[in-house]
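What follows is a set of notes on a single structure, which appears directly below.
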2 protein chains.
Amino acid sequence: MAPSSPRRARQLSERRDRILAAARDLAEEQGWEAVTTRRLADAIEYSQPVLYGHFPQGRTEIVTAVALTGFEELAVALGSLGDAGSDAERMRALVRAYLDFAGRHPATYDAMFLLPVLVPFASDDTPAVVRQGFDAITSTLSRLESPPDDVGTAAEVLWGAVHGLAALHRAGRLAAGNEDLRIEALVRLVAGGAGSRDPGASAG
Amino acid sequence: MAPSSPRRARQLSERRDRILAAARDLAEEQGWEAVTTRRLADAIEYSQPVLYGHFPQGRTEIVTAVALTGFEELAVALGSLGDAGSDAERMRALVRAYLDFAGRHPATYDAMFLLPVLVPFASDDTPAVVRQGFDAITSTLSRLESPPDDVGTAAEVLWGAVHGLAALHRAGRLAAGNEDLRIEALVRLVAGGAGSRDPGASAG
DNA sequence: TCGATGATCTAGCAATGCTAGAAAATCTAG
DNA sequence: CTAGATTTTCTAGCATTGCTAGATCATCGA
């Protein structure tokens, strides 16, 4: 048989990665509706059935895999914020990092939260990377000077709030140019008015 | 020619309504991916091209029309809440009404906020019904005992928060059964802890 | 060199949104 | 009541989609 050993395994793994990279690039550049199995096959210079060798569940499984890379990146972005600064500063950093990610990788974010995907959520089988993003929110909340009684519930609400802003923004539903105002309003709501100098939010 | 006059006009209008009803029913029962032009044509007992007579932009325009009926219903639901009660009570009524609508008509809500749709948002041409829902949020906020400085921005954030909860809930991302806790947490956040007796949220 | 095993491709299916052109129905004129 | 014009509707088809069965090609061990 072909080198069933390390070399072949590495080739397969690389080809899998190329499929995911092609899918994500295509999606970010032209939207998910442009991510067809034929175009993906073209991109990796193989025929369509090869895709199904890597992802037996087909296109949906590819979207899922892209979503998981997104969850990983989001977890890293939210997990590396440090715990210096005031309540409001840490909260602002969290919100900004989240919205930044959603804004920089809109199609990936769609895969994570909008598109149908083969991941069990809110379950014992939920992948660790998915949980880690949520944990970053929880931990920021529990570090507040006066943390909410029920941190878990508060984290769900805060997550909902940032996700809502991201989703509405992405769908073009919010007034353009008010992003910073919204962030400050949310931060004040969650972290309280005091505890930090005004950030002088003036960035575009 | 055919009765170009009132009768014919009424027939056309009725057929248009039947298309929309069929689309909405199908979507609520089997999801939007089941809403195909062939199935719609079957449902109204005409052939596919008839659909394009009513909706020249095709399927997307049908989804758009369903979304607009949804915005209308949402505006009615949020606009008929009355201004009795404490800050927290009014805010709770608003949030509940919004999440209720989203929960009762998930596919319609998808059309309004998830699917691509031919409506100009955040623009001068935004349909009135779309604006009215937002206005209900704004008005509830401005009636608070101590309203936020920037009601418009606060309304965007609150809208984001409820939409986020609705979206995450719909996508199965939130712990089941905690809905009431989340609502109370959000209400407390926006309307302040005081001003109302605890509602004893114990409903399923 | 040959047969077996694995990898890959070709070609096709059923379903989708949409549309051109034929057919049918309806109205107006005589 | 009939004939022509007009409007309405349908049939049939295109290109695209996700996916897959079966043929073809490459690689390996003996």
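In the text below, chain A, chain B and the rest are named by the order of the sequence lines, each starting its count at 1. The structure presented is a predicted model; accordingly, all values stated were derived computationally and were not measured.
- In this structure, A/W32 places its CH2 atom 15 Å from C1' of D/dG18, rounding to the nearest Å.
- The salt bridge (Lys or Arg N to Asp or Glu O under 4.0 Å) pairs that include a residue from residues 54-66 of chain B number zero, where partners must be two or more places apart or lie in different chains.
- At whole-Å resolution of the value, CG in A/L26 and P in D/dG18 are 11 Å apart.
- For B/R8 and D/dT8, the shortest distance from a side-chain N or O to OP1 or OP2 is below 4.0 Å.
- Listed by first then second residue, pairs satisfying salt bridge (Lys or Arg N to Asp or Glu O under 4.0 Å) with a partner in residues 154-163 of chain B read A/R182-B/E156, not counting sequence neighbours.
- Rounded to a whole Å, the CG atom of B/L12 is 10 Å from the C1' atom of D/dT8.
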Under 3.5 Å, side-chain donor or acceptor atoms of residues 63-73 of chain B against the rest of the protein: list the pairs with distances, not counting sequence neighbours.
from: B/T64; atom 1: OG1; to: B/T60; atom 2: O; distance (Å): 2.7
from: B/T64; atom 1: OG1; to: B/L118; atom 2: N; distance (Å): 2.9
from: B/T69; atom 1: OG1; to: B/R24; atom 2: NH1; distance (Å): 3.3
from: B/T69; atom 1: OG1; to: B/V66; atom 2: O; distance (Å): 2.6
from: B/E73; atom 1: OE1; to: B/R24; atom 2: NH2; distance (Å): 3.1
from: B/E73; atom 1: OE2; to: B/R24; atom 2: NH1; distance (Å): 2.8
from: B/E73; atom 1: OE2; to: B/R24; atom 2: NH2; distance (Å): 3.3

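- A/L115 has its CG atom 13 Å from the P atom of D/dG18, to the nearest Å.
- A straight line from CD1 of B/I44 to C1' of D/dT8 spans 13 Å, rounded to a whole angstrom.
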key: Protein-to-nucleotide contact annotation, 5' to 3' order, nucleotides 9-19 of chain C [B base; S sugar-phosphate only; - none; under 4.0 Å, heavy atom]   = BB-B---BBBB
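- Rounding to whole angstrom units, NE2 of residue A/H54 and P of D/dC19 are separated by 16 Å.
- Atom-to-atom, CD of A/Q11 to C1' of D/dT27 comes out at 13 Å; the value is rounded to the nearest Å.
- Among pairs with a residue in residues 39-54 of chain A, none fulfils salt bridge (Lys or Arg N to Asp or Glu O under 4.0 Å), at least two apart in sequence or across chains.
- With sequence neighbours left out, A/S146 forms a side chain to side chain contact (heavy atoms under 4.5 Å, CB included) with no residue at all.
- Residues B/A102 and B/Y109 come closest through the heavy atom pair CB-CD1, 3.7 Å.
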